[in-house]
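Note that the coordinates shown come from a computational prediction; the quantities given were computed from them, not determined experimentally. Positions are given from 1 along the sequence.
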Amino acid sequence: MIINVWLSLWCFGFVSHISNGLHLTGTWNSKDFFIFLTKFGFQKTDPKQQENTQGYIYGNITKSNNVNTTKDLTLVVVDSEYFLEYYGNSTIRSKQTCPAMFVKVDQIAFDYICKPKGLEDFLRKIPCPKDKLCIDEDNPKNVVPGYQFTYKVRDVQRPRFWYLSFVSCFRDTSGRKCEWQSSEDSGIIINYDIWLVNGNPSVRGQNPFEHQFSFEFHDVFEIHVIALILCIAIFLLWLYAFSKQRHMVTRLFTACLCGEMLSITLNLIHVSIFAYNGVGAEWLGKVGTLLDLATQCVFMLLLLLLAKGLGITTDQFKWKSVIFSLWAAYTLLNIFLYVWNLVEIDNIISNTDEWQSWPGYATLAFRIVVMFWFLYELRKTFGHTDREDMTFVMHFGAFFLVWFCYLPALALITTQVSPLWRYKTIISINYAVDILAYAVLVHLFWPARSILFLVEGERPLQTYDLEITGLLDDMQEMAIFNRAEALAEISSQKNQNKDDISNQPSTSTDVSKVKGRKSRNGTTNGRVLSNGHLQFQDNSAYEMEKESPKDT
């Protein structure tokens, strides 16, 4: 069921009409009146290297049908200060729509007939004549070779979002009226091929992982690479530990590690292709996001099972309905939040993320509820755990309480972070906390430690293994030594009295008794020394078996 939902979401994300790609191609009909193309973050311009650090918007826009009309369409490129009013008035469909949209833009936009003193070159008349420059391009030297128009975006103060759109409006310059009128009924169909980049297109190879990326995605490639390298290193260490212990909880943890590595790999492939062609493989990014969502949910299930004591105080899986109900509810909330983010959240205007919505608040609140259930189960497990096992429970509980809390705290903090920095901040912290969580579990599950608490039924361990883990204290080592001496003495007596021992009553040598451990709730996790080995048994108390020479 959940797999089918994920596949449906992937298909929906694949056909999403708002593209994150910065090489934009397509067809538009003027009858649609308005189309928002993209939002792009341009970096801060370095005055010392202006040509190589300023932003560029360039491309071709030509007519695809033979329609004779004197009405033009308009390409509008504005920053957020002017876009809000312009975009908001586009939804009011009347004769006054076009004039209302350009009221604020006209205060600063340049037009060589109507606004010769304008400071900003925001507007272009489209479509452009075939194989020629656009009408508004009066200096061919400013146009990128092979294209019809070019915008150069300079901002020496800070990075900034710029918005690109087409609208069926034109400025009527007849009689120098300079009034905005609608050209929706012109029936013009245009083909467009537009690039948006940071830096001079002629030196695009200087920094390929920033050139075609909007500013909020700068350094994302490096973040994915570092995260993948760390995950691979942890996974290689875990392979050794996993080979020594195969248990339900260790198998779940292995699945989480594999899912995390695969999701990072898919996102890294998408980013790498994007750096090459400005479009990327968006479906890989969607699959990677869904896989990361699934991994997070499975990891939460693993933590709940460990808090319940599975593998620590018991190998019996109890309260399945409660645990799986909590986990299923959290998973469904995350899926609903993902759908809501695709369908309802308008990132064009608000610059909000999915956590700043009521489904996001509900998901974070339910995560806190799961955290309190985690603490409740952990407290019960702590009360039923032997003193020698408390170290694992205390370290596990302390760190993963932070893991539950970090996401609500991060969602709250990032509301104060600029959208230009928010995305890279969120994924950096997410990767850091998750990878640290995996590293902590590998440390806690390392064979030298896990044999002290991990319930795996009846399993003998060599004395040497016990010594390197520090499980044997001085008294236990002395008991083993005394036992070895006793067995040696018995063996000597057997050799000396081989002929007479059959007529003698059997003798026995008492050996030190070593008791196993019993948990506070009666669940036995006892370990006793037998023949130089540590035995995991289900009895609450143990005694060393008395050895005696047998009749020959």
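Between the Ser214 side chain and the Gly41 main chain, a donor and an acceptor come within less than 3.5 Å of each other. A donor-acceptor pair under 3.5 Å is formed between the side chain of His211 and the backbone N or O of Asn198. In this structure, the side chain of Gln148 engages the main chain of Pro129 through a donor-acceptor pair within 3.5 Å. When atom types are taken as modelled, the side chain of Ser165 and the backbone of Ile35 share no donor-acceptor pair closer than 3.5 angstrom. Within the 3.5 Å criterion, the main-chain N or O of Pro47 finds no donor-acceptor partner in the side chain of Thr45. Within the 3.5 Å criterion, the main-chain N or O of Thr25 finds no donor-acceptor partner in the side chain of Asp193. Between the side chain of Asp111 and the backbone N or O of Cys114 there is at least one donor-acceptor pair closer than 3.5 Å. In this structure, Gln212 contributes its side chain and Ala275 its backbone to a donor-acceptor pair below 3.5 Å. Put simply, the side chain of Asn29 never gets that close to the backbone of Ile189: no donor and acceptor are under 3.5 Å apart. No donor-acceptor distance shorter than 3.5 angstrom exists from the side chain of Trp327 to the backbone of Met300, with no hydrogens or angles considered.
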Practice problem: Check step by step if side chain to side chain contact (heavy atoms under 4.5 Å, CB included) holds for Asp72 and Ile126. | Solution: CA-CA 6 Å; Asp72 295 317; Ile126 57 173; over 6 Å; no
Practice problem: Apply ring-ring contact (aromatic ring centres under 6.0 Å, His included) to Phe110 and Phe122, showing your working. | Solution: CA-CA 7 Å; Phe110 170 82; Phe122 285 159; over 10 Å; no
Self-check item: Audit row: Tyr431, Glu260, side chain to side chain contact (heavy atoms under 4.5 Å, CB included) steps and yes/no
Solution: CA-CA 10 Å; Tyr431 278 151; Glu260 186 73 19; 3.8 Å; yes
Quiz item: Under the side chain to side chain contact (heavy atoms under 4.5 Å, CB included) criterion, do Leu133 and Asp138 qualify, and how do the steps go?
Solution: CA-CA 9 Å; Leu133 299 181; Asp138 54 352; over 6 Å; no
Quiz prompt | Lys44/Val156 under side chain to side chain contact (heavy atoms under 4.5 Å, CB included): CA gap, chis, key distance, verdict | solution = CA-CA 6 Å; Lys44 178 181 176 181; Val156 297; 5.5 Å; no
Quiz item: Going through the distances and angles, do Tyr240 and Phe242 end up as a ring-ring contact (aromatic ring centres under 6.0 Å, His included)?
Solution: CA-CA 5 Å; Tyr240 169 77; Phe242 182 64; over 10 Å; no
Exercise. Determine, stepwise, if the pair Phe396 / Phe400 fulfils ring-ring contact (aromatic ring centres under 6.0 Å, His included).
Key: CA-CA 6 Å; Phe396 170 78; Phe400 288 101; 5.1 Å; yes
Show me the donor-acceptor pairs within less than 3.5 Å that the side chains of residues 225-239 make with the rest of the protein, sequence neighbours left out.
unit_1 : atom_1 : unit_2 : atom_2 : d
Trp238 : NE1    : Thr254 : OG1    : 2.8

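The CD1 atom of Ile92 sits 4.5 Å away from atom CG of Asn89, with the distance rounded to the nearest 0.5 Å. Remark: Leu262 CG to Leu257 CG distance equals 12.5 Å, nearest 0.5 Å. To the nearest 0.5 angstrom, Leu290 atom CG is 10.5 Å from Ser263 atom OG. Atom CG in Asn191 sits 5.0 Å away from atom OG1 in Thr62 (nearest 0.5 Å). For the atom pair Asp434 CG and Tyr406 OH, the distance stands at 4.5 Å (nearest 0.5 Å). Here the straight-line distance linking atom NE2 of His218 with atom CH2 of Trp421 works out to 10.0 Å at 0.5 Å rounding.
Of the listed residues (Val167, Val105, Val77, Asp136), just one forms a side-chain contact (heavy atoms from CB on, under 4.5 Å) with Leu123, and that residue is Val105. Of the candidates Asp172, Thr97, Asp106, Asp106 is the only one forming a side-chain hydrogen bond (donor to acceptor under 3.5 Å, both in side chains) with Trp180. When Phe34, Trp28, Phe36 are each tested for a ring-ring contact (aromatic ring centres under 6.0 Å, His included) with Phe166, only one passes: Trp28.
Looking at Arg154 and Asp46, no side-chain N of the basic residue comes within less than 4.0 Å of a carboxylate O on the acidic one, giving no salt bridge. Salt bridge annotation for Asp155-Arg160: present, with a cationic side-chain nitrogen under 4.0 angstrom from a carboxylate oxygen.
Contact annotation: the side chain of Leu164 approaches that of Leu24 to within less than 4.5 Å [non-hydrogen atoms, C-beta and beyond]. Using a 4.5 Å heavy-atom threshold, the side chains of Ile368 and Phe372 count as touching. Residues Val369 and Arg367 are not in side-chain contact: their nearest non-hydrogen atoms beyond the backbone lie 4.5 Å or more apart. Ile188 is listed as a side-chain neighbour of Lys63, based on a closest heavy-atom distance under 4.5 Å. Side-chain atoms of Leu293 and Ile335, non-hydrogen and from C-beta on, do get closer than 4.5 Å to each other. Contact of the Phe366 side chain with the Asn334 side chain is not registered, since no non-hydrogen atoms from C-beta on lie closer than 4.5 Å. Using a 4.5 Å heavy-atom threshold, the side chains of Thr74 and Lys125 count as separate. Looking at Glu179 and Pro99, their side chains never come closer than 4.5 Å, going by heavy atoms from C-beta outward.
Of all heavy-atom pairs between Lys71 and Thr69, the closest is N-OG1, 3.1 Å. Contact between Pro201 and Val144 at its shortest, heavy atoms only, is CG-CG2, 4.2 Å. Taking each heavy atom of Thr150 and Arg124 in turn, the nearest pair found is O-NH2, 3.2 Å. For Ser272 against Phe221, the heavy-atom pair with the smallest separation is OG-CE1, 3.4 Å. In plain terms, the two heavy atoms of Phe213 and Val271 that are nearest each other are CZ-O, 3.5 Å. Minimum interatomic distance between Gly55 and Phe42 (heavy atoms only, all atoms of both residues): CA-CD2, 3.4 Å.
Around the CH2 atom of Trp403, the shell of radius 6.0 Å holds more than 12 heavy atoms that belong to other residues, nucleotides or ligands.
Classified by interplanar angle (parallel below 30°, tilted 30° to 60°, perpendicular above 60°), the ring pair Tyr86/Phe102 is perpendicular. The aromatic rings of Tyr58 and Tyr147 stand perpendicular to each other, their planes meeting at an angle above 60°, with 30° marking the opposite boundary. Ring pair Phe404/Phe374 is tilted by interplanar angle, where 30° to 60° counts as tilted.
Cation-pi geometry between Lys39 and Phe161 is met: the NZ or CZ atom falls under 6.0 Å from the ring centre, inside 45° of the normal. A cation-pi arrangement is not found for Arg158 relative to Phe215, the charged atom failing to lie both closer than 6.0 Å to the ring centre and inside a 45° cone about the ring normal.
If you check the side chains of Tyr56 and Glu51, you find a donor sitting under 3.5 Å from an acceptor.
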